Amino acid sequence: MSGNAYIYIFISAAVSFFIRILPLTLIRKPIQNKFIKSFLYYVPYITLAVMTFPAIIQATSSPLAGIAALVIGIVISFMGAGLLPVACVCCAVVFILELFIA
């Protein structure tokens, strides 16, 4: 390994450390601001969505099949279906559409 690699590893470790340790040291009282509380509440959901939605579309050989499965999955989940039925229907939609598209 070259000397630059060690510098990069040290910098990324320091950044990760400070991102985790600064809130523990700087924020000692409970957060009262409703905006900040709601922001912190939704951060995990937004992060998951940002990582998941592009993967849904790009995981198939045709982006059209991924988009169709996403839309149908959203509709079925709003109708009250659970996770397993939604996943099964989305997989079936992708399978059927890729048979006809490809």
Side-chain angles (χ1 to χ4, degrees):
M1 252 191 190
S2 67
N4 286 341
Y6 291 115
I7 293 171
Y8 298 147
I9 292 171
F10 174 76
I11 290 173
S12 60
V15 167
S16 296
F17 176 75
F18 286 118
I19 286 174
R20 287 170 174 78
I21 206 69
L22 282 178
L24 292 174
T25 58
L26 296 178
I27 304 172
R28 296 184 186 263
K29 297 184 290 184
I31 298 172
Q32 300 296 328
N33 189 333
K34 286 185 178 184
F35 176 76
I36 294 175
K37 285 174 93 172
S38 67
F39 174 78
L40 292 174
Y41 177 79
Y42 287 112
V43 164
Y45 300 110
I46 292 170
T47 305
L48 181 64
V50 165
M51 291 186 305
T52 304
F53 289 139
I56 290 171
I57 296 169
Q58 295 173 356
T60 61
S61 62
S62 168
L64 181 62
I67 292 170
L70 175 65
V71 170
I72 290 173
I74 290 171
V75 169
I76 292 172
S77 66
F78 274 126
M79 292 171 54
L83 180 62
L84 184 63
V86 170
C88 291
V89 168
C90 288
C91 289
V93 166
V94 168
F95 180 72
I96 292 169
L97 285 178
E98 286 192 355
L99 281 177
F100 293 114
I101 292 174

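Computed over heavy atoms, backbone and side chain alike; hydrogens, waters and symmetry mates excluded. Keep in mind that what you see is a predicted model, and the values were worked out from it rather than measured.
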When clusters are formed by joining ILVMFWY residues with side-chain heavy atoms under 4.5 Å apart, either directly or through shared neighbours, do [X] and [Y] land in the same one?
X: Ile101; Y: Val89; answer: yes
X: Val93; Y: Val75; answer: no
X: Leu97; Y: Val86; answer: yes

Side-chain donor-acceptor distances from residues 39-52 under 3.5 Å, at least two apart:
unit_1	atom_1	unit_2	atom_2	d
Thr47	OG1	Val43	O	2.8
Thr52	OG1	Leu48	O	2.6

Can you list the residues that meet the side chain to side chain contact (heavy atoms under 4.5 Å, CB included) rule with [X], with sequence neighbours excluded?
X: Ile7; result: Asn4, Ile11
X: Ser12; result: none
X: Leu26; result: Leu22
X: Ala87; result: none

(request) With sequence neighbours left out, write down each residue that passes ring pair (Phe, Tyr, Trp, His ring centres under 6.0 Å) with Phe17, or none if nothing qualifies. (result) none
(request) Give a yes or no answer on whether the side chain of Glu98 reaches the backbone of Ser61 with a donor-acceptor pair at less than 3.5 Å. (result)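 At least one qualifying donor-acceptor pair exists.
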(message) Can you list, by chain and residue number, the hydrophobic cluster partners of Ile74 when the side-chain cut-off is 4.5 Å?
(response) Phe53, Ile56, Leu70, Phe78
(message) Please give me the minimum heavy-atom distance between Cys90 and Gly73, naming the atom from each residue.
(response)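 So the minimum-distance heavy-atom pair works out to SG-CA, 3.5 Å.
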